[in-house]
Amino acid sequence: FPTRRSSDLCDETVNQLCQLYPEIASWQPALIAGAWHQWCANNQRQPVAPEERDEAFPLYLVRLIRNRMEEMNAWR
């Protein structure tokens, strides 16, 4: 049986996320994968490629970005 590299699975997940969430398609793949894995961990989900869009994920991303900007005193 051929084995698949974990990076292949990661690439598939990132590609699927970019299809479902075109607003993040220009992000670096490592950032997309990291955010997805963190969101899955926080929501007790398996970090596999999603089949359909979940509006909770982009809202999570917005919260992360806003929290980081507040930490840096950049949010006004």
Side-chain angles (χ1 to χ4, degrees):
F1 295 102
T3 58
R4 297 173 73 172
R5 297 176 305 145
S6 61
S7 63
D8 290 341
L9 296 175
C10 184
D11 290 346
E12 287 179 18
T13 300
V14 168
N15 289 339
Q16 182 65 16
L17 287 166
C18 289
Q19 290 291 317
L20 294 172
Y21 305 97
E23 62 268 37
I24 63 170
S26 65
W27 293 14
Q28 293 180 3
L31 292 176
I32 296 171
W36 177 251
H37 283 257
Q38 187 176 354
W39 184 79
C40 288
N42 289 347
N43 291 283
Q44 293 83 43
R45 296 176 58 145
Q46 290 293 328
V48 296
E51 303 258 335
E52 58 189 32
R53 186 178 171 101
D54 182 339
E55 291 303 322
F57 180 59
L59 293 175
Y60 169 78
L61 294 175
V62 169
R63 277 194 308 276
L64 278 181
I65 294 166
R66 184 174 178 160
N67 289 346
R68 182 66 180 138
M69 290 179 73
E70 286 174 350
E71 287 172 11
M72 297 169 44
N73 291 320
W75 189 265
R76 301 184 198 278

Are [X] and [Y] packed together at the side-chain level, in the sense that at least one heavy-atom pair is separated by less than 4.5 angstrom?
X     : Y     : answer
Asp11 : Pro29 : no
Gln46 : Cys40 : no
Trp27 : Leu61 : yes

Which residue in the set Glu71, Glu70, Arg66 passes side-chain contact (heavy atoms from CB on, under 4.5 Å) when paired with Arg68?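 Of the listed options, the one satisfying the test is Glu71.
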Using atom types as modelled and distance alone, determine if a side-chain donor or acceptor of Gln16 lies under 3.5 Å from a backbone N or O of Ala49. no
Trp36 side chain to Val48 backbone, donor-acceptor under 3.5 Å: yes
Does Leu64 belong to the same Ile/Leu/Val/Met/Phe/Trp/Tyr cluster as Leu31, with side-chain heavy atoms less than 4.5 Å apart forming each link?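 As far as the 4.5 Å side-chain criterion goes, Leu31 and Leu64 are not connected within one cluster.
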Of all the heavy-atom pairs spanning Ile32 and Cys18, show the shortest one and how long it is. CD1-SG, 3.6 Å
How far apart are the closest heavy atoms of Pro58 and Tyr21, and which atoms are they? CD-CE2, 3.5 Å
Going through the distances and angles, do Tyr60 and Asn42 end up as a side-chain contact (heavy atoms from CB on, under 4.5 Å)? CA-CA 10 Å; Tyr60 169 78; Asn42 289 347; 3.4 Å; yes
With sequence neighbours left out, which residue pairs that include part of residues 48-58 fulfil the side chain to side chain donor-acceptor pair (under 3.5 Å) condition? Glu23-Arg53, Arg45-Asp54, Arg53-Glu55
